[in-house]
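Here is the naming used below: chain letters follow the sequence lines, and residue numbers restart at 1 for every chain.
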Amino acid sequence: MPAPFRLYNTLSRRVEDFTPIQPGHIGLYVCGMTVYDLCHAGHARAMVTFDTFVRYLRHRDWSVKFVRNFTDVDDKIIRRAAELGIEPLELAQQQIDYFHEDVRALGLDEPDEEPRVSTSIGGIIAMVERLIERGHAYAADGNVWYDVRSFPNYGALSGQKVDELRNPDVGNGKRVPSDFALWKATKPGEPSWKSPWGNGRPGWHIECSAMASRCLGDSFDIHGGGLDLVFPHHENEIAQSEGASGCGYARWWMHNGLLTMPGGRKMGKSEGNAFSIRDLLQLFPAEAVRLYYLQNHYRSPLPWDQNALPTALAMVCRLYEAREVAESMKGQERAEDVAKSLGDDAQAVLDLSRAFDTQFYAALDDDFNTSKALSYVFELARAVNRFANHKKARKRGGPLVAEALRCFSVVNDALGLLGDDVSKFMQEVKEKRLGAMGIEREDIESLLEERLVARQARDWARADSIRDELEAKNIVVMDTAAGVDWRVRITGA
RNA sequence: GGCGACGUACCCAAGUGGUUAAGGGGCGGGUUUGCAAAACCUGUAUUCACCGGUUCAAAUCCGGUCGUCGCCUCCA
């Protein structure tokens with residue numbers, strides 16, 4: 001049986017108990033990218049948010065059908081393709097390939113379906129025809145417009161009132177400014193398809209209505225996307241889909257907050273302040289990016305600044321290091337016996353581990369509160385580290401921290417964090433950070449070698465001066481019982 | 001002009017009626033160490049933008065003020 005949960009619904013502006021249309025099953029449609037340029041950190045927040053949400057639902061035994069579209073027919077694609085001197089659909093395909101590489105590198109699972117506008121034209125035309133039949137749309141000069149006043153519920157999602165809108169656009173047969181295009185008559189040099197109204201292409205909003213109903217049916221459970229899509233995109237989708245089918249569209253509307261830049265403005269290509277996810281993944285491991293998004297509640301705005309990713313990376317490293325310590329512990333006793341004989345800090349690991357699932361799930365079941373859920377992970381990591389300071393922990397603590405390791409694997413299964421092999425992750429951190437600072441690994445290793453010789457000769461002055469030299473390169477040297485280790489100090493991006 | 005969101009420490013941030021206001025980053029002190037680093041301990045908000053109100057009780061509810069942001073044109 002899937003676990004019940006609560007979820008904020010933009011329609012009601014409240015957190016509500018989630019109830020599926022079909023028991024145990026969730027149909028989810030998320031607005032994906034318009035593929036005219038690389039995926040940036042703002043888009044990636046939406047991708048990670050919904051990927052993680054799906055991941056969690058499946059972890060909790062829901063059967064989920066996850067659909068995320070590509071908008072591959074669009075003004076900006078046409079304009080950009082013209083600049084590059086290639087076909088719009090060729091540009092779109094290229095960007096879709098890049099997108100797939102990027103989300104794979106980010107560690108996202110593939111959606112169950114990824115419909116595209118260009119291969120959904122038949123369904124779109126059928127839906128437009130149906131809207132005309134049902135009196136919600138009118139054709140004029142090869143264009144088809146949605147008659148907003150024919151749909152009394154218009155504005156239910158966004159709170160907008162038709163008469164209060166600023167949009168002054170009229171023309172091409174449009175009757176009132178707030179009506180919007182379902183079908184646009186073709187212009188020279190644009191991709192176009194045959195239709196009952198002449199050659200043309202779909203308007204922006206109709207694609208999602210058509211693709212969602214094809215993949216998930218006229219009514220489905222959850223529709224997601226960025227907060228900036230609430231109006232007009234999602235409002236228009238509701239008008240189209242419900243106008244065409246006569247029944248309810250998405251039952252829940254789930255919107256993620258936007259990235260905000262230091263000045264307070266949102267990140268966006270039109271703002272000229274976007275960081276591509278491709279560039280970021282050169283500098284930081286995917287899990288640091290993931291944690292950066294998940295450390296805040298998905299509906300809150302998320303501030304972006306120079307320290308955002310370095311801070312997130314420091315957090316992920318902290319968790320991996322706790323896992324590393326736990327994995328290094330040995331022993332064959334029963335966990336309870338170890339706890340009993342090794343004292344309060346040992347007992348605390350056991351207690352926290354056993355209380356973990358309940359707290360962790362409670363947070364995520366309450367409107368997907370990843371921020372709160374992660375706080376329990378950090379508490380557990382601290383308890384493990386505290387226990388690890390005990391002399392006997394390494395030899396006898398194994399069975400005890402096995403419980404904590406089980407919790408970390410829950411975190412991976414539910415949120416996609418901490419799943420990597422520890423040493424592999426640490427290597428990735430070193431490589432990416434060294435690359436970011438332009439330091440060669442061999443230089444570090446030869447200095448460390450030199451220092452080792454000095455230390456063996458108890459030449460502390462020489463050893464320390466080498467350490468200072470490394471320090472100046474942001475390399476932190478750690479002398480441990482097991483030998484010399486080193487880390488890259490995490491500095492601003 | 002219309003619609004909506006938000007304002008919690010140096011920074012990020014959870015908390016939405018009732019124990020000492022989670023967690024992370026940073027910074028200060030300590031344990032440890034050849035010295036360091038890491039880890040751990042400890043200090044960093046008697047207070048939640050401001051002003052009123054409701055209540056036995058509010059960061060949490062209501063009203064107002066100020067400030068910030070998003071949408072209304074393409075936007076995750």
Side-chain angles (χ1 to χ4, degrees), chain A residues 10 13 15 30-34 36 39-50 68 71 74-76 79 155 158-169 178 204 224-233 235 255-261 263-271 274 291-292 295-297 299-303 305 307-308 310-319 321-322 325 345 363 369-379 381-390 455 458 460-461 463-464 467-468 471 475-480 484-487 489-490:
Chain A
T10 307
R13 302 209 174 81
V15 176
V30 174
C31 286
M33 292 263 300
T34 297
Y36 72 104
C39 177
H40 67 61
H43 301 126
R45 183 188 194 187
M47 302 310 151
V48 169
T49 295
F50 290 105
R68 185 180 62 208
T71 296
D74 161 89
D75 291 347
K76 280 180 291 193
R79 199 185 318 134
S158 63
Q160 299 289 338
K161 295 179 205 71
V162 171
D163 301 330
E164 305 285 354
L165 298 176
R166 255 186 186 172
N167 182 358
D169 269 12
S178 47
W204 174 35
L227 199 57
D228 52 353
L229 295 178
V230 172
F231 190 88
H233 187 56
E235 193 70 63
H255 292 104
N256 64 275
L258 306 179
L259 249 59
T260 53
M261 301 303 286
R265 312 203 68 81
K266 75 168 179 173
M267 178 181 279
K269 280 174 209 156
S270 49
E271 310 275 334
L291 185 70
Y292 162 63
Q295 69 181 322
N296 271 28
H297 187 90
R299 283 193 284 120
S300 303
L302 179 57
D305 65 58
N307 293 321
T311 300
L313 177 56
M315 291 168 81
V316 186
C317 287
R318 179 173 166 73
L319 296 177
E321 282 159 23
V325 166
D345 289 344
N369 194 334
T370 51
S371 180
K372 193 176 189 179
L374 285 168
S375 76
Y376 301 122
V377 184
F378 282 97
E379 279 181 355
R382 174 150 36 88
V384 168
N385 283 331
R386 192 190 301 139
F387 171 59
N389 283 339
H390 287 249
R455 286 189 84 219
R458 302 186 75 80
W460 305 125
D464 289 353
R467 188 172 62 201
D468 291 345
E471 179 82 28
I475 302 302
V476 180
V477 180
M478 303 162 68
D479 300 320
T480 70
V484 179
D485 195 7
W486 60 278
R487 304 258 166 80
R489 173 172 293 120
I490 298 162

### Task
To the nearest Å, give me how far apart CZ (Arg455(A)) and P (U33(B)) are.
14 Å

### Task
Quick one: label Leu229(A) by what it contacts on the DNA or RNA (base, sugar-phosphate, nothing), any heavy atom closer than 4.0 Å.
sugar-phosphate

### Message
In this structure, how many angstroms lie between the P atom of A21(B) and the NZ atom of Lys372(A), rounded?
### Response
16 Å

## Note on the structure
Comparing Asn256(A) with Pro232(A), nearest RNA chain B nucleotide closer to 5' gives the residue Pro232(A)

### Query
Rounded to the nearest Å, what distance is computed from the CZ atom of residue Phe50(A) to the C1' atom of nucleotide A76(B)?
9 Å

### Query
Can you tell me how far P in C71(B) sits from the matching atom in A9(B), rounded to whole Å?
26 Å

### Query
Gly32(A) near the nucleic acid: base, sugar-phosphate alone, or nothing, with a heavy-atom cut-off under 4.0 Å?
sugar-phosphate

### Task
Provide, to the nearest angstrom, the distance between the CZ atom belonging to Phe231(A) and the P atom belonging to G70(B).
18 Å

### Query
With a 3.5 Å cut-off and no angle check, do the side chains of Ser371(A) and His297(A) form a donor-acceptor pair?
no

### Message
From the set A14(B), A39(B), A13(B), return the single nucleotide nearest to any side-chain atom of Pro303(A).
### Response
A13(B)

### Query
Rounded to the nearest 0.5 Å, how far does CG of Leu302(A) lie from CG of Asn256(A)?
10.0 Å

Between N or O atoms, less than 3.5 Å apart, protein on one side and nucleotides 23-32 of chain B on the other: list the pairs.
{"residue": "G23(B)", "atom": "OP1", "partner": "Arg382(A)", "partner atom": "NH2", "Å": "3.4"}

### Query
Rounded to the Å, how far apart are Asp305(A) CG and C12(B) P?
8 Å

### Message
In whole Å, I'd like the distance from the NE2 atom of His255(A) to the P atom of C6(B).
### Response
15 Å

### Task
Tell me the partner of C3(B), counting only Watson-Crick (N1-N3 plus N6-O4 or O6-N4) or G-U wobble (N1-O2 and O6-N3) with both under 3.5 Å; none if nothing fits.
G70(B)

### Task
Respond yes when some side-chain nitrogen or oxygen of Asn385(A) is under 4.0 Å from OP1 or OP2 of C40(B), and no when none is.
yes

### Query
Taking a pair as Watson-Crick or G-U wobble with both distances under 3.5 Å, which nucleotide is matched to A21(B)?
none

### Task
Applying side-chain contact (heavy atoms from CB on, under 4.5 Å), run through Arg318(A) and Arg382(A) and close with a yes or a no.
CA-CA 9 Å; Arg318(A) 179 173 166 73; Arg382(A) 174 150 36 88; 4.1 Å; yes

### Message
If I pick the P atom on G63(B) and the same atom on A5(B), what distance separates them, to the nearest angstrom?
### Response
12 Å

### Task
Classify the nucleic acid contact of Val230(A) as base, sugar-phosphate or nothing, counting any heavy atom under 4.0 Å across all strands shown.
nothing

### Base partner of A36(B), which must satisfy Watson-Crick or wobble distances under 3.5 Å
none

#### Entry: Value rounded to 0.5 Å, distance of NZ in Lys76(A) from OG1 in Thr71(A)
9.5 Å

### Nucleotide nearest Arg45(A) (side chain, heavy atoms from C-beta), chosen from A38(B), A76(B), G15(B)
A76(B)

### Query
Below 4.5 Å, heavy atoms only, C-beta onward: do Pro303(A) and Asn296(A) meet side chain to side chain?
yes

### Task
Give the intermediate values and the outcome of side-chain contact (heavy atoms from CB on, under 4.5 Å) for residues Val484(A) and Arg455(A).
CA-CA 11 Å; Val484(A) 179; Arg455(A) 286 189 84 219; 4.2 Å; yes

### Query
Think Asn296(A) has a side-chain N or O under 4.0 angstrom from the OP1 or OP2 of A13(B)?
yes

### Message
Base, sugar-phosphate or nothing for Gly42(A)? Non-hydrogen atoms, less than 4.0 Å.
### Response
base

### Message
I want to check one thing: is the phosphate of G15(B), taken as OP1 and OP2, less than 4.0 Å away from some side-chain N or O of Asn369(A)?
### Response
yes

#### Entry: Length of the CG-C1' vector between Asp479(A) and U33(B), whole Å
9 Å

### Query
Which distance, rounded to the nearest 0.5 Å, do you find between the CG of Asp345(A) and the CZ of Phe387(A)?
8.5 Å

### Task
Write down the partner of A13(B) under the Watson-Crick or G-U wobble criteria, each distance required to be under 3.5 Å.
none

### Query
How far, in whole Å, is G29(B) from A22(B) if one measures between their C1' atoms?
24 Å

## Note on the structure
Scanning both residues in full, the closest heavy-atom pair of Phe50(A) with Gly225(A) reads CZ-N, 3.4 Å

### Query
Can you tell me how far the CG atom of Asp305(A) sits from the OG1 atom of Thr311(A), to the nearest 0.5 Å?
7.5 Å

## Note on the structure
For A57(B), the nucleotide meeting Watson-Crick or G-U wobble distances (both under 3.5 Å) is none

### Query
When we call it a touch if two heavy atoms are under 4.0 Å apart, what does Thr49(A) touch: a base, just sugar-phosphate, or nothing?
nothing

### Message
Give me the distance, rounded to whole Å, that separates A21(B) from A59(B) when you measure between the P atoms they each carry.
### Response
10 Å

### Query
For the atom pair CG (Asn307(A)) and CG (Leu313(A)), what is the distance rounded to the nearest 0.5 Å?
12.0 Å

### Summary
Paired to U44(B) by Watson-Crick or G-U wobble criteria (both distances under 3.5 Å) is G26(B)

### Query
Do Val477(A) and Asp485(A) have side chains that get closer than 4.5 Å, going by heavy atoms?
no

Are there any protein N/O atoms within less than 3.5 Å of an N/O atom in nucleotides 3-5 of chain B, and if so, which ones and at what distance?
{"residue": "C3(B)", "atom": "O2'", "partner": "Ser158(A)", "partner atom": "O", "Å": "2.7"}

### Message
With a 4.0 Å cutoff (strictly under), does any side-chain N or O of Thr34(A) reach OP1 or OP2 of A76(B)?
### Response
yes

### Task
Indicate, with a heavy-atom threshold strictly under 4.0 Å, whether Arg386(A) touches base, sugar-phosphate, or nothing.
sugar-phosphate

### Query
If you measure from the P atom in C51(B) to the same atom in U8(B), how many Å do you get, rounded?
16 Å

### Span that lies between the C1' atom of C40(B) and that of U32(B), in whole angstrom
9 Å

### Task
Show your reasoning for whether side-chain contact (heavy atoms from CB on, under 4.5 Å) applies to Thr370(A) and Thr49(A).
CA-CA 10 Å; Thr370(A) 51; Thr49(A) 295; over 6 Å; no

### Query
When the C1' atoms of A58(B) and U16(B) are considered, how many whole Å apart are they?
10 Å

### Message
Heavy-atom nearest nucleotide on RNA chain B for Asp464(A) versus Arg489(A): which residue maps closer to 5'?
### Response
Asp464(A)

### Query
In the structure shown, which nucleotide is the Watson-Crick or G-U wobble counterpart of C50(B), with both distances under 3.5 Å?
G64(B)

### Task
Nearest whole angstrom, please: distance from the P of C12(B) to the CG of Leu259(A).
14 Å

### Query
When rounded to the nearest 0.5 angstrom, what distance separates NE2 in His255(A) from OG1 in Thr10(A)?
5.0 Å

### Message
What contact category does His297(A) fall into here, base, sugar-phosphate, or nothing, at under 4.0 angstrom with non-hydrogen atoms?
### Response
sugar-phosphate

### Query
Distance between the P atoms of G24(B) and U65(B), in whole angstroms?
40 Å

